[in-house]
Structure formats: C-alpha cells, structure tokens
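Hydrogens, waters and symmetry mates play no part in the numbers below; they use all other heavy atoms, side chains included. This structure is a prediction, so every number in the text was calculated from the model and none was measured.
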Amino acid sequence: MKNAYISAVLQQLADFMELNGENPFKVGAYRRAARAVENSRVPVAEMMDRLEDLPGVGKGTAGVIEEIITTGTSRQLEELRQKLPSGLPDLLSLPGMGPKSIHALYRELNITNLNELKAAAEQEKIRSLPGFGPKKELKILEAIEQFQKRPERRLLHEAMLVATRVKDYLSDDGRILRVELAGSIRRRKETIKDIDFVVATREPKEVGEYIVSMPEVLEIVNQGETKVSVIVRVEGIEMNVDVRLVSPSQFASALHHFTGSKEHNVRIRQRAKQFGWKVSEYGIFDPETEVTQTFDDEAAFFAHLGLPYIPPELREDRGEMEKAERGKLPQLIEPGDYRGDLHMHTVYSDGADSILKMARAAREKGYEYIAITDHSRFLKVANGLTIEELKEQWAEIDEVNKEFDDFTVLKGTEMDILPDGRLDFPDEILEQLDIVIASIHSSFKQDEQTMTRRIVEAMENPHVDIIAHPTGRLINRRHAYALDMDHIFQAAKDTGTILELNANPHRLDLNDEYLKKAKEEYGLTFTINTDAHSVEGLNNLPYGIATARRGWLEKGDVINTLPLEELKKRLKS
DNA sequence: GCCGTTTTCGGCCCGACTGTTTTCAGTCG
C-alpha cells in the first residue's frame with residue numbers, strides 16, 4: 001500500500017472530523033500525521049512496528065494508520081461518512097467557507113452539496129441564519145461562480161512573464177525603496193495562482209495609488225494601507241497580483257512571511273517559541289523586553305533564530321528545518337555551475353534553427369558544450385532522422401566544430417522507444433554517437449507494467465545514456481504515463497542510466513518530488529536540459545535549475561556541471 | 001491527538017480582515 005493512499009485516507013478523516021466539530025487541534029494532529037506519512041521515505045506499510053517514529057504520529061494516529069494498512073480504511077471514517085453527507089468536504093474548497101459555516105448550513109438548512117448551497121443562496125435563505133447576512137450570501141454565490149470557472153493555476157513561465165513586467169513598473173518609482181517577489185513564485189513552484197510582491201516604502205498610500213494606475217491593471221480587487229490587490233493582463237495572460245506594503249525596517253521579516261510556505265512558517269514560529277519569541281510579518285517580538293527585532297535581510301532573520309539561510313526553493317517543510325538545525329542543508333546547484341545543454345533539436349528534425357545557430361547561441365551563454373539530439377526515424381510527425389540523415393548530420397557537426405576552439409558540439413540523438421519496447425536505431429549506430437537519449441512519444445495509454453518495461457529495457461541497452469522526460473507529463477494538459485517509479489529508479493541505479501530533468505516549463509519532468517526521492521533513496525545522477533526547438537528555447541534553463549533546487553539537487557548530482565572530458569567519461573561508451 | 005531544556009498537563013503559530021455584531025467568530029495566508 002502506497003504512502004499517498006494512507007495519507008489521503010487520513011486527510012479525508014481530518015476533513016470529516018473538522019466538519020463534525022471535533023477539537024481543531026485533534027484535526028490538526030491528523031493532518032500532521034497525513035503529512036508525515038506522505039513525506040516518509042520508507043513505505044509506511046513496511047514499518048508498522050515503529051509508526052510512532054514518524055514526527056507527529058503518536059499512539060492514536062499510529063492505530064489509525066495500522067487500521068488503514070490492514071483494512072484499507074478506518075472505522076471512524078466510515079462512521080463519519082454514514083453520519084455526514086459525502087458532498088460536504090467539497091464545500092471546504094470554496095473560498096470563505098470553513099467547517100463552522102458548512103456545518104451550520106447543513107444543520108439549519110440541510111445543505112449537502114454545491115448545487116443545494118447555490119439554490120439556497122439564490123433564494124435568500126442563508127441571510128437569516130445567525131452569523132450570516134446578505135453580504136455573506138452574496139460572497140457565497142461569487143465563490144461558487146469562481147469555483148465553477150476554475151481559474152487554473154498558471155504555468156511558472158507565464159507567471160514569471162507577468163511578474164517581471166510588474167516588477168519593472170514597481171522598480172521605476174522612487175518611493176518604492178525595495179521590491180521582491182514572494183509567495184509560491186519566489187519558491188518557483190511549477191504552477192502559480194497569485195503573484196505576491198513585498199514592497200518597502202514610507203508612503204504606502206501614494207504607492208498604492210501608483211500600483212493601481214499601472215496600465216496593465218484590469219481590475220482593483222482590494223486597496224488598503226498594507227495590501228493592494230489587482231488583476232493585471234500582460235500579453236494576454238490575466239493574473240491576480242498582491243502587493244504588500246511595509247516599512248523599510250519590516251521588509252526582511254515581511255519577505256520571509258509572505259514567501260512561505262505556510263507549513264514552513266509554522267515550523268519557524270514553533271522554533272521561535274522555544275526561545276519565548278513571537279514571529280510575525282513585522283519582526284521577531286520578545287515579550288520579556290517588549291522589543292520587536294527587525295532585520296536587514298532574510299539571512300539575518302534566520303541567523304537570529306540560530307539557523308543558516310534557507311533558500312526559498314526549500315521552504316516547503318520537506319525536512320529543511322531539521323537539516324538547517326543540524327547545519328546540513330544541501331549546497332543547491334546554481335546557474336553558474338552549468339556547463340552545457342545536452343538535449344536540443346535543429347532543422348534536421350522539428351527544430352527551427354541550424355546546428356551552427358544553436359551552437360553560437362549556447363556559446364554566447366558561456367557554455368562549453370552542447371549535444372545535438374534530433375528525433376529518430378520512427379517519429380514521423382517530428383520529421384525524425386533516418387540513419388543516412390543522421391550520418392549527414394555528423395558531417396555537418398564536424399564542420400561546425402572547426403569554427404570553435406573553446407566549445408564542442410556533441411553528436412547525439414533523441415531516439416524513440418518503440419511501442420513494443422525496441423529501440424529505433426541499431427547498436428552499431430548508437431555506438432558511434434557521443435550521447436544517446438531515449439524517450440517515449442507514442443502509445444501513452446499502455447498499462448503500468450508494459451510502460452515500465454519499455455523504459456527499463458531501454459535503460460538496459462549499454463549505449464543508452466539518458467532517459468528524457470521520464471514520466472511524460474505535460475503540466476495542466478496530460479498526466480504522466482502509468483509507471484512504477486520505484487522500479488524505474490532501481491533500474492536507473494543498476495544500469496547507471498541518467499534521468500533527465502526536462503527544463504521546458506510545460507514539462508519539468510522529473511518533478512521536484514521525484515528528484516528528491518531519486519537522489520535520497522537511490523543516489524541517482526541527473527541531467528538538466530532544455531529540449532530546445534529553437535535558439536529561444538535555450539532560455540528555459542532557469543526553470544530546470546529552479547526545479548532541481550526544489551528537488552534538493554547539488555552540483556555533483558547533475559552531469560551538465562562536468563567539464564567536457566569528465567562528462568565523456570561519465571557517459572556510457 | 002501530540003508533546004516535553006517551561007516535561008505528564010495544558011498548551012498547541014500569528015495577525016489581518018470581513019461581516020456580523022455591540023465585543024467577536026470564522027476564515028485566510
């Protein structure tokens with residue numbers, strides 16, 4: 001039984017308990033247990049005898065976890081399901097609706113799902129309940145409308161485009177003394193709902209006026225002394241932007257606070273409490289001296305709590321606090337560590353630019369090498385190369401290499417793994433290439449066993465160096481193929497195959513969580529590549545680096561940081 | 001329900017905002 005399943009049952013149990021009016025701390029305890037299970041590196045089902053080793057798991061929740069492992073569910077959850085309508089937990093996801101309101105509506109008006117809630121609000125039945133009124137009724141209707149429209153989370157690169165425009169505008173005003181991105185976009189999550197900024201100023205009112213008069217603003221959601229919230233449209237992308245206005249001395253604390261994540265902030269406050277202090281967005285308050293300590297930057301903020309600087313990408317409560325406390329934070333990979341891109345396409349297959357143009361653009365970026373990896377003959381839609389065309393390309397690469405004495409173009413391929421698991425080129429071709437990437441572009445719907453075997457067999461070929469975009473997901477568009485990832489990671493370890501982190505912001509594949517798991521549990525090595533189909537595509541690298549950092553990767557985990565000669569040694573012969 | 005350099009009971013992260021009140025409960029990030 002997978003940890004994700006056990007964790008989901010615990011979450012459901014917590015939702016139902018909350019709706020049932022249980023002690024909020026008890027509910028919180030179950031949520032914490034769910035998180036601990038989700039984050040456990042070991043399958044929890046294999047550690048039944050020491051469940052209480054998990055942080056936040058005690059006698060009570062250990063018993064429930066054991067029950068879930070043995071019976072697939074929990075008796076308490078089933079009883080609550082009998083008692084409460086199954087649609088109630090869905091209502092928790094409506095903004096402005098918490099357990100108390102939902103339970104009151106159920107108790108007083110027998111509302112059990114979204115449709116009944118909508119009908120009751122439209123018939124103005126809600127306003128007469130104690131604690132509710134006309135405004136709340138209207139808010140409920142708006143929330144339902146918003147929810148049904150489902151404003152999908154935007155991809156990171158779209159959010160960055162909007163954020164960059166807004167930041168430029170903010171930086172132009174002399175009354176704004178400091179400005180930084182905060183929230184999930186600063187942590188570089190793969191999708192973003194709102195763009196958060198923290199701004200330091202002594203004239204919040206005037207700056208608020210300046211913000212709402214930005215030409216790209218479509219709508220002012222909220223304009224106060226401490227927060228301005230607007231909807232902007234930049235190049236057709238509409239997003240919500242929240243700007244927090246603070247005094248210069250509060251800036252560092254506010255930046256930390258609004259960067260989050262929420263879970264990370266909880267851990268920070270708990271630590272401060274050990275010293276008897278209170279952390280808020282304004283600083284760290286010591287009740288004994290009644291002094292609120294402020295900081296010049298985040299590093300000073302962390303130092304005050306006896307911690308090293310924790311990079312934003314790690315602030316997810318995935319173990320960074322424990323590591324920071326012991327001085328064992330990873331030295332995350334930096335953009336400057338990167339020496340060359342090993343996956344890109346040219347006019348030979350479905351790319352837009354020539355080998356020479358790609359090479360020159362990469363050299364301009366300061367790279368020492370690239371690999372040209374056009375598609376193979378099976379992939380007709382992408383104009384995949386025949387063996388003859390591949391050999392013509394080798395001749396051209398040799399010509400291009402004559403132009404440089406400080407830069408090298410490697411001969412590669414992105415070769416298809418065929419639906420039956422065979423590879424698209426024979427070994428006598430593969431052995432002549434510097435680098436062989438294998439990947440799947442067909443028959444996505446095969447079952448888990450077949451799909452996993454396809455990839456594992458490709459890894460077992462002694463010439464295959466890399467598996468590109470291993471799970472095949474397209475964020476917000478297509479799910480990952482059905483794969484047994486533990487099996488894939490084990491096979492990568494056994495065969496010395498390198499897994500790609502594809503930096504295309506639509507892919508980011510492997511994702512942050514798989515990277516962390518593959519590194520920590522299997523000790524794998526990775527490669528970060530843009531999969532560029534044009535010179536512009538090379539610019540996607542920062543999204544790959546950011547995702548690698550979210551996956552706790554260090555320089556030594558990524559082959560693109562190696563000098564050319566060492567890279568060649570690391571690749572299979 | 002969990003937990004302990006304030007340790008086996010009594011807390012559990014903090015402050016702002018909103019809409020409902022007439023001093024506060026609920027929700028959010």
Side-chain angles (χ1 to χ4, degrees), chain A residues 10 13-14 17-36 51-65 74 76 91-105 126-140 142-143 182-187 193-196 198 221-229 240 242 244-246 250 253-285 287-288 292 305-306 315 317 321 325:
Chain A
L10 288 170
L13 183 52
M17 280 169 35
E18 192 172 30
L19 290 166
N20 198 37
E22 301 265 5
N23 175 349
F25 297 113
K26 186 173 167 182
V27 175
Y30 275 87
R31 294 238 156 90
R32 225 149 62 87
R35 253 187 93 72
L51 290 172
E52 290 182 48
D53 289 354
L54 294 166
V57 174
K59 245 195 179 85
T61 45
V64 176
I65 293 168
S74 130
Q76 200 187 351
L91 299 181
L92 281 172
S93 54
L94 285 176
M97 293 286 280
K100 295 277 163 53
S101 310
I102 292 168
H103 197 260
L105 289 165
I126 290 172
R127 58 180 63 192
S128 54
L129 292 182
F132 292 81
K135 281 201 178 170
K136 190 135 192 191
E137 198 171 65
L138 198 66
K139 281 221 147 187
I140 288 173
E142 284 171 2
S184 56
I185 191 168
R186 181 161 180 247
R187 304 197 311 276
K193 192 157 131 260
D194 305 314
I195 297 171
D196 291 302
V198 177
V221 181
N222 193 320
Q223 188 180 357
E225 288 274 312
T226 61
K227 175 183 167 180
V228 175
S229 183
N240 193 82
D242 290 342
R244 311 284 173 159
L245 305 165
V246 299
Q250 294 164 347
S253 275
L255 180 60
H256 176 268
H257 178 85
F258 291 113
T259 296
S261 65
K262 196 180 160 218
E263 291 77 12
H264 168 85
N265 286 355
V266 168
R267 296 295 307 271
I268 286 285
R269 292 204 186 95
Q270 283 169 345
R271 179 170 176 88
K273 202 159 178 93
Q274 292 173 13
F275 303 109
W277 304 332
K278 285 183 180 185
V279 176
S280 78
E281 56 264 54
Y282 304 118
I284 300 181
F285 177 71
E288 243 171 61
T292 299
L305 294 169
R315 300 181 199 168
D317 192 23
M321 283 296 283
E325 281 163 358

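Spacing between atom CG of A/N23 and atom C1' of B/dC9 amounts to 15 Å, rounded to whole angstrom units. The CZ-P distance, from A/F258 to B/dG29, rounds to 12 Å in whole Å. Atoms CZ (A/F25) and C1' (B/dC9) sit 15 Å apart, rounded to a whole Å. For the pair A/Q270 CD and B/dC14 P, the interatomic distance rounds to 9 Å; values are reported in whole Å. The nearest whole Å value for the distance from the NE2 atom in A/H264 to the P atom in B/dG29 is 18 Å. Rounded to whole Å, atom P of B/dC28 lies 14 Å from atom CZ of A/R244. Atom CZ of A/R271 and atom P of B/dG4 are 15 Å apart (whole Å). If you measure from atom CD1 of A/I284 to atom C1' of B/dC14, you get 13 Å, rounded to the nearest angstrom.
Backbone-only engagement by A/P99 is indicated by non-hydrogen atom pairs under 4.0 Å involving sugar-phosphate atoms exclusively. Heavy atoms of A/L94 sit under 4.0 angstrom from primed sugar atoms or phosphate atoms, though from no base atom. Within 4.0 Å (heavy atoms only), A/K59 reaches sugar-phosphate atoms of the nucleic acid but no base atom. A/P95 comes within contact range of the sugar-phosphate backbone alone, with a heavy-atom separation under 4.0 Å but no base atom that close. Using a 4.0 Å heavy-atom distance criterion, A/K262 is classed as a base contact. As judged by a 4.0 angstrom heavy-atom cut-off over every strand, A/V27 is placed among residues making no nucleic acid contact.
Applying the 4.0 Å criterion to OP1 and OP2 of B/dT18, one finds that A/N222 has a side-chain N or O inside that range. Listed pair A/Y30 / B/dC2 fails the phosphate criterion, with no side-chain N or O lying under 4.0 Å from OP1 or OP2. The shortest distance between the side-chain N/O atoms of A/K273 and the OP1/OP2 oxygens of B/dC14 is below 4.0 Å. The side chain of A/T226 places no N or O atom within less than 4.0 Å of a non-bridging phosphate oxygen (OP1 or OP2) of B/dA16.
In this structure, CD1 on A/I268 lies 4.0 Å from CE on A/M321, to the nearest 0.5 angstrom.
Nucleotide B/dT8 forms a pair with no other nucleotide shown, judged by Watson-Crick or G-U wobble geometry with both contacts under 3.5 Å.
Comparing A/W277 and A/K100 by the nucleotide of DNA chain B that holds the closest heavy atom to each, the one mapping nearer the 5' end is A/W277. Heavy-atom distances to DNA chain B give each of A/K278 and A/G58 a nearest nucleotide, and the one nearer the 5′ end belongs to A/G58.
Spacing of C1' atoms, B/dT21 relative to B/dG26, comes out at 13 Å, to the nearest Å. Annotation: B/dT6 and B/dC12 have their P atoms spaced 15 Å apart (nearest Å). Rounded to whole Å, the separation between the P atoms of B/dA25 and B/dT20 comes to 16 Å. Nucleotides B/dC2 and B/dT8 place their C1' atoms 12 Å apart, quoted to the nearest Å. For the C1' atoms, the distance from B/dT18 to B/dG10 is 31 Å, rounded to whole Å.
With distances taken from any side-chain atom of A/Y282 to the nucleotides B/dA16, B/dG26, B/dC14, the minimum falls on B/dA16. Side-chain proximity of A/S101 to B/dG26, B/dG15, B/dC3: nearest is B/dG26. Comparing B/dA16, B/dC2, B/dT18 against the side chain of A/E281 picks out B/dA16 as the nearest. Each of B/dA16, B/dG1, B/dT18 was ranked by its minimum atom distance to the side chain of A/K139; first place goes to B/dT18.
Of the possible polar contacts, one joining the A/N23 side chain to the A/F25 backbone as a donor-acceptor pair under 3.5 Å is found. Counting only distance, with no hydrogens or angles, the side chain of A/R187 and the backbone of A/T259 share a donor-acceptor pair below 3.5 Å. Side chain of A/T292 to main chain of A/F285: no donor-acceptor pair is present (N/O by atom type, distance under 3.5 Å, no hydrogens or angles).
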Determine, step by step, whether A/Q76 and A/L13 satisfy the side chain to side chain contact (heavy atoms under 4.5 Å, CB included) criterion, reporting the C-alpha distance in whole Å, the side-chain angles of both residues, the deciding distance to 0.1 Å, and the verdict. CA-CA 8 Å; A/Q76 200 187 351; A/L13 183 52; 4.2 Å; yes
Check step by step if side chain to side chain contact (heavy atoms under 4.5 Å, CB included) holds for A/R32 and A/E263. CA-CA 10 Å; A/R32 225 149 62 87; A/E263 291 77 12; over 6 Å; no
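The pair A/E281-A/R244 does not meet the salt-bridge criterion, since no charged nitrogen lies less than 4.0 angstrom from a carboxylate oxygen.
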